[in-house]
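So the structure is just underneath, and the comments pick up after that.
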Amino acid sequence: MACFYVDVKSVNLFLFMSVFFQIFLVALSFAYFAKALSGSYMKSTITQLERRFDIPSYLIGVIDGSFEIGNLLVIAFVSYFGAKLHRPKIIAMGCVLMSIGTFIIALPHFLIGRYEYETSVRWVENSTLSPAPCRAGLPAELTQDGKRPQEQSTDCESESNLSMWIYVLLGNVLRGIGETPVQPLGISYIDDFTTEENAALYIGCVQTISVVGPVFGYLLGSLCAKIYVDIGFVKMETITITPDDSRWVGAWWLGYLVAGVITLLSAIPFWFLPRSLPVPGPHFQRKDNDEQKGFIKDHPHLKKKYTADEHTGFIEMAKDFIPTLRTLLAHPVYLIYLCVTVIQLNSLIGMVTYKPKYIEQHFRQSASKANFLMGVINIPAVALGMFSGGLLMKRFKLNIMGAAKFAFSTSLIGYVLSMFFFAMSCENAKVAGVTLSYDKIDEISYDKHSLFTACNRDCVCSSNEWDPVCGENGITYLSPCLAGCSTSAGLRNNTVFSNCSCIGVGGNLTANTGQCLEKDDCDSMFPYFLALSVITSFIISLGGTPGYMLLIRCIKPELKSLALGFHTLATRTLAGIPAPIYFGAIIDTTCLRWGQKKCGGIGACRIYNTTAYRIAYLGLTLSLRTVSFIICIPGFILLGRQLKKEEQDAIHALSNGGTELEALRKEECVILNSDQPLHTPENSTDRHTRL
C-alpha cells in the first residue's frame, strides 16, 4: 500500500508564496481602482475642459482618445515581452508613468492666466448701481462679426495660452502608456498562478474593484465641479456666475492632483513581489515505486499552467513574435470575438463619455449633479452586475458556450430596454433669438431667428456675447442688452435689470442674472431615466465577466498574454480612439449657439437642440450594438464547431489509449496460455514493463 508523508518545507514555502499572491491580488485591485478613478475623472471633466479652453466636443474627443493612443504605442510589445519578464515590476513602472501623466494634465492651470468668462456687464464695486446694459447708439456701431469696436483686439495675445490644452493631451498619452501593462500582465499573472475554478472569481473581484474606481472618480468630479476654477487665486465675492451657469468652470485641475497621488501609491507593492508563484495544489508526496512517482511528477496541480522561459534571450523572443501573432490571428473564434467587442465598445465608450453631458444638456442638470448621479447610482449598478456575473459563472459552472450565450442574452435584454430612452424627452429651453422668435415667444422653433428686433434696436448690443438673463415671462435672453433692459441695480448675482423693453407686453418687466430654470417636464421624467439607466447598466454588465472568461478560455495558454494584449490593442485603436471623436463631432452638429473666442472663431457650445441631441446620441449607440448582434451569429456557429472538434479529438485520444491497453491485455493472455515457463523472474519483469 502506498504511504503518504507531509513535506513540511514545501508546505511552508507554499503558504509563504500564497501570501505573496494575496498581496498581488490586493495590489492589482488597487492599481485597477487608481487607473479607473483617474479615467472616470477625465470623463467627468469634459464639460469643464470645453469651457476652460473654449474648444468644441470633437476636440475633447481627441483629448479623451489620446489615452488610447498611448496604449497603442506599446501594448503589443508590453503584452508579449512582459509575459516573459518580471510582470509585477513592469506593472509598477506603468503605475509611476500613469501618475506622472496625471500630474502633467493638471499643469496648464498653473501656467495660464485666470479664467475670464464672457459678460456684457461689468460690475462696479462699492456701488449699488451698475452701468446701463442698453446704451444709446446704433447697431451700425458694431463690427461685421457683432462685436463692439473696442473688443476686437482685447486680450488677443493672451488667447494663445488656450493652446495649453496640448499639455492635457500629452499627459493623457503618457497616462495611457503607463496603464498598458496593468490589465494584460495582471490578469495573466492571476490566471497562471491559481486554479481554473478560482480564476473566474478572482478576475471578477478585480474587475469589480475597477468599476468601484469610477464611483469615486465621478464623486471627485462632482466635488471639484462645485469649486470655482481659480479658487484661492481670486476673491469669490467677485464671481458673478453659479455652477448652474453654462459659463461656470470648476476646479478641474484639483482632482487630477488627487488622482496622481493615488496612482503613485498603487505602484509601491509591486516592487516587492516575486516574478513567479507556485500553483496551489496538494502538499503531499507519495512514497511508491518508480512508475507511480513518474505519474505524480506530471500531476497537473504540481506545475504552472504556463511557465515563461526564465532565461529566454530578447532576440529569440523577437524572432518568435511574428509567428505567434500569426497563429493567434488565424483563430476564427478569437477574430469574431474581437470584432464584436470592438463594435460593442464603440457604443459603450461613446455613450459613457458623453452621458454626463447628455444629463446636463437634456435634463438641465448642473455638471456637479450629473457627475454625482453617475457615481452613486449608475456605476455601482455596473459593479454589482460584473461581480454577480462572476458568481453566476462559478455557481453554474458555465463552459465556454454557456458563457457566450449568457453574455449575449444579457446584452440583448439591455439593448431592448435601452430603446425606451427615446421616449424620455424634455422640451428645449426657451431662449429668445435661438429657440424662440422675439415675435412668437410661445412657440419653440429651430429656424434661424434674428437677435435684433424693434424692442432692442436702439441698444448697441453684441450678438456674440453670452451673458444670459431670465425675464419675468420665463424666457431666457442672451444678454440684458438684447432684452432691452435700460437700468440695473444691485451687485453681481443679486443684480436686477429693469425697464426691459423686450420682456412682457408693456416692456416694463424685470430680469435676473442667469438662465431660467423652468424644467417641470424634465423633473418629472428624470427619475424614470435614472431608474431605467440603472436597470440596463446592471443587466448588460452581468455578461462582462463571462464574456471576458470566454476570451481567456478560447485560446491556448501560451497565447493568453498576447491574446489579451492584442485584444486591448484592437479595442483601444478601433474603439477607444475614434468613438469619443465621432460621437463628439455628431453632438456638435446639434449645437444651436456657440460661444465666441475673443479674437474670433467658435468656442464651446452654450445650448443644444435637445431633440436632435437625443436622437443622435441614442441612435448612434443602439445602431452600433445592432451591428454587433448580427456578427455574433457566425461567432456562435464557429464556436460550436470548435468545441465539437475538441470533443471529437478528446474521444479519439481516449479510444487510441483504450486500443493500446486492450492490445497489452491480449498479449498477456497469449503469454499465460503458451507452453513457455510463466513464472520466471525475467518473464514477469518483461510483462510488467510492457504493461
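Computed from a predicted model, the values in this text were never measured in an experiment. Position 1 is the first residue of the sequence; numbering continues from there.
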message: I'd like to know if the side chain of S222 pairs up with that of S368 as donor and acceptor (distance under 3.5 Å, no hydrogens or angles considered).
response: yes
field: Those residues that, when tested against F67, pass ring-ring contact (aromatic ring centres under 6.0 Å, His included) (two or more places apart)
entry: none
query: Which pair of heavy atoms, one from L264 and one from S99, lies closest together, and at what distance?
result: CB-OG, 3.4 Å
query: Can you tell if the side chain of M386 reaches within under 4.5 Å of the side chain of L542, non-hydrogen atoms only?
result: no
message: Any side-chain to backbone donor/acceptor pair from S347 onto T621? Under 3.5 Å, distance only.
response: yes
query: With S541, which residues qualify under side-chain hydrogen bond (donor to acceptor under 3.5 Å, both in side chains), at least two apart?
result: none
- line: side-chain hydrogen bond (donor to acceptor under 3.5 Å, both in side chains) filter on T324, not counting sequence neighbours, yields D320
Contacts of K397 that satisfy salt bridge (Lys or Arg N to Asp or Glu O under 4.0 Å) - sequence neighbours left out: none
query: With sequence neighbours left out, what residues match L174 under side chain to side chain contact (heavy atoms under 4.5 Å, CB included)?
result: L97, I100, I104
Exercise: do K43 and T353 side chains pair donor with acceptor under 3.5 Å: yes
query: For the ring pair F408 and F636, is the centre-to-centre distance below 6.0 Å?
result: yes
- prompt: Can you find a pair of side-chain heavy atoms, one from V382 and one from F538, that are under 4.5 Å apart?
  reply: no
statement: Taken in chain and number order and not counting sequence neighbours, the residues that satisfy side-chain hydrogen bond (donor to acceptor under 3.5 Å, both in side chains) with S38 are R175
Can you give the donor-acceptor pairs under 3.5 Å from side chains of residues 527-535 to other protein atoms, not counting sequence neighbours?
| unit_1 | atom_1 | unit_2 | atom_2 | d |
| --- | --- | --- | --- | --- |
| S533 | OG | K355 | NZ | 2.5 |
| S533 | OG | N378 | OD1 | 2.5 |

By side-chain hydrogen bond (donor to acceptor under 3.5 Å, both in side chains) - contacts of Q344 (at least two apart): S411, S628
field: Which atom of H362 lies closest to which atom of S425, heavy atoms considered
entry: NE2-CA, 3.5 Å
task: Would you mind reporting whether Y218 and P356 have side-chain heavy atoms less than 4.5 Å apart?
output: yes
message: List the residues meeting ring-ring contact (aromatic ring centres under 6.0 Å, His included) with Y548, not counting sequence neighbours, and say none if there are none.
response: none
query: Quick check: does any side chain N or O of N172 sit under 3.5 Å from a backbone N or O of I105, one acting as donor and the other as acceptor?
result: no
task: Give a yes or no on whether the ring-centroid distance for Y354 and Y617 is below 6.0 angstrom.
output: no
Residues 26-36 side chain polar contacts: donor-acceptor under 3.5 Å, at least two apart:
| unit_1 | atom_1 | unit_2 | atom_2 | d |
| --- | --- | --- | --- | --- |
| S29 | OG | L25 | O | 2.8 |
| K35 | NZ | E179 | OE2 | 3.1 |

Show which side-chain atoms of residues 415-424 pair as donor or acceptor with protein atoms under 3.5 Å away, not counting sequence neighbours.
| unit_1 | atom_1 | unit_2 | atom_2 | d |
| --- | --- | --- | --- | --- |
| Y415 | OH | T626 | OG1 | 2.6 |
| S418 | OG | G414 | O | 2.8 |

task: Write out all pairs satisfying ring-ring contact (aromatic ring centres under 6.0 Å, His included) with one or both partners inside residues 328-350, taking only residues at least two apart or from two chains.
output: Y337-H567
